[in-house]
Protein chains: 2
Amino acid sequence: MEKKEKQILPCDEGCPVKASLKILGGKWTMMIIFQINDDVMRYGELKRAIPSISEKMLIQELNMLVENKLVTKKAYPEIPPRVEYRLTELGLKTLPIINKLVEFGLENLV
Amino acid sequence: MEKKEKQILPCDEGCPVKASLKILGGKWTMMIIFQINDDVMRYGELKRAIPSISEKMLIQELNMLVENKLVTKKAYPEIPPRVEYRLTELGLKTLPIINKLVEFGLENLV
DNA sequence: TAGGGTACCTACTTAATGGTTAGAATTATT
DNA sequence: AATAATTCTAACCATTAAGTAGGTACCCTA
């Protein structure tokens, strides 16, 4: 009689959840993506849209999102400065995640 | 001529993204939910399934998930002890989020 | 000339997270 | 009699993430 052992496939480096969270797991990351959505957003608009975020965190996250190619940044050579952020193709592909998050929040928490 | 101003609805306390992330935003939370899925999982199985998590974090997260009613815990009065975790109704409702996360990871990152 | 608006950056401090080690409890096995 | 197995706690320290406060730059308006 053999011991029946449950099959477990260890989920480490290649784990898709882990990989996604590495980019999206920051405290503010998904909130920012949610706010930009399929629109254009200026820095100041984002700041007003997420009042509880600090300026440091906002730019830090935006820089990180640009680095990870989820967001594009377009700065106009004007005074006062104007900078626009929008989601890339890749960034847009994260919206289904955010939408599910919104759905869950609306139906169960808020 | 009026200045056309963009309409912004500040997303603070009642924001569904924020509310969801408050419960699900931990570094390991979604990984654990992903592993339990619609199955039963013992503590040791989870540990093996997520090799990079420390015991402390695993228990800490599991306790938090039980507190937040996403997971139920059933301990059998045996020696050696046996404890089973599974998702609650509410926990099961987070699976669509995790699935989207998996999808995104598989298609774009891994 | 003082202040406002916009988009940052930098340094410092605090809070959150994570790792390590040790140990408890109880029985079967060696 | 010592060891292994399993689930968990507690204490301590290290690392990382996040918050706070200040400063820069430029032009316009008052």
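Here is the naming used below: chain letters follow the sequence lines, and residue numbers restart at 1 for every chain. Keep in mind the model is a prediction, meaning the values are calculated, not measured.
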Under 4.0 Å, counting only non-hydrogen atoms across every strand here, what does Tyr85(B) touch: a base, just sugar-phosphate, or nothing?
sugar-phosphate
Of Ile98(A), Leu101(A), Asn99(A), which is the lone residue that meets side chain to side chain contact (heavy atoms under 4.5 Å, CB included) with Ile97(B)?
Leu101(A)
Classify Lys73(A) by what it touches in the nucleic acid, base, sugar-phosphate, or nothing, heavy-atom distance under 4.0 Å.
sugar-phosphate
Answer yes or no: does a side-chain N or O of Ser54(B) lie under 4.0 Å from OP1 or OP2 of dG19(C)?
yes
Kindly work out whether a path of hydrophobic side-chain contacts (I/L/V/M/F/W/Y, heavy atoms less than 4.5 Å apart) joins Val83(A) to Ile79(A).
no
Sugar-phosphate only, base, or nothing, as touched by Lys27(B) at under 4.0 Å among non-hydrogen atoms
sugar-phosphate
In terms of side-chain heavy atoms of Arg42(B), which of dA7(C), dG19(C), dT7(D) is nearest?
dT7(D)
Distance in angstrom units between Glu61(A) CD and dC9(C) C1', rounded
16 Å
Glu45(B) CD to dC8(D) P: how many Å, rounded?
13 Å
By nearest-nucleotide position on DNA chain D, the 5'-leaning member of Pro80(A) and Gly26(A) is Gly26(A)
Taken to the nearest whole Å, CG/Leu46(B) to P/dT6(D) is 14 Å
Taking atom CD as the centre, does Glu78(B) end up with more than 12 heavy-atom neighbours from other residues, nucleotides or ligands that are less than 6.0 angstrom away?
yes
Would you mind classifying the nucleic acid contact of Glu55(A) as base, sugar-phosphate or nothing, using non-hydrogen atoms under 4.0 angstrom?
base
For side-chain contact (heavy atoms from CB on, under 4.5 Å), just list the numbers for Tyr43(A) and Glu55(A), CA-CA rounded to whole Å, side-chain angles, deciding distance to a tenth of an Å, and then say yes or no.
CA-CA 10 Å; Tyr43(A) 169 80; Glu55(A) 296 197 349; 3.5 Å; yes
Out of dT9(D), dG5(C), dA7(C), minimum distance to the side chain of Ile59(B) belongs to dT9(D)
Starting at CG of Leu62(A) and ending at C1' of dA7(C), how long is that distance when rounded to a whole Å?
11 Å
Give a yes/no on whether any side-chain N or O of Trp28(B) is located under 4.0 angstrom from OP1 or OP2 of dT17(C).
no
Whole-Å distance between dC8(C) P and Glu84(A) CD?
12 Å
When rounded to whole Å, the NZ to P distance for the pair Lys56(B) and dT20(C) reads 11 Å
Please tell me if Arg82(B) has a side-chain N or O lying less than 4.0 Å from either OP1 or OP2 of dT7(D).
no
Taking C-beta and beyond as the side chain, do Leu62(B) and Leu46(B) meet within less than 4.5 Å on heavy atoms?
yes
Nearest-Å distance, CD (Gln60(B)) to P (dA11(D))?
14 Å
Residue met sooner reading DNA chain D from 5', once Asn63(B) and Ile53(A) are mapped to nucleotides
Asn63(B)
Rounded interatomic separation in angstrom, taking CD1 from Ile79(A) and P from dC8(C):
12 Å
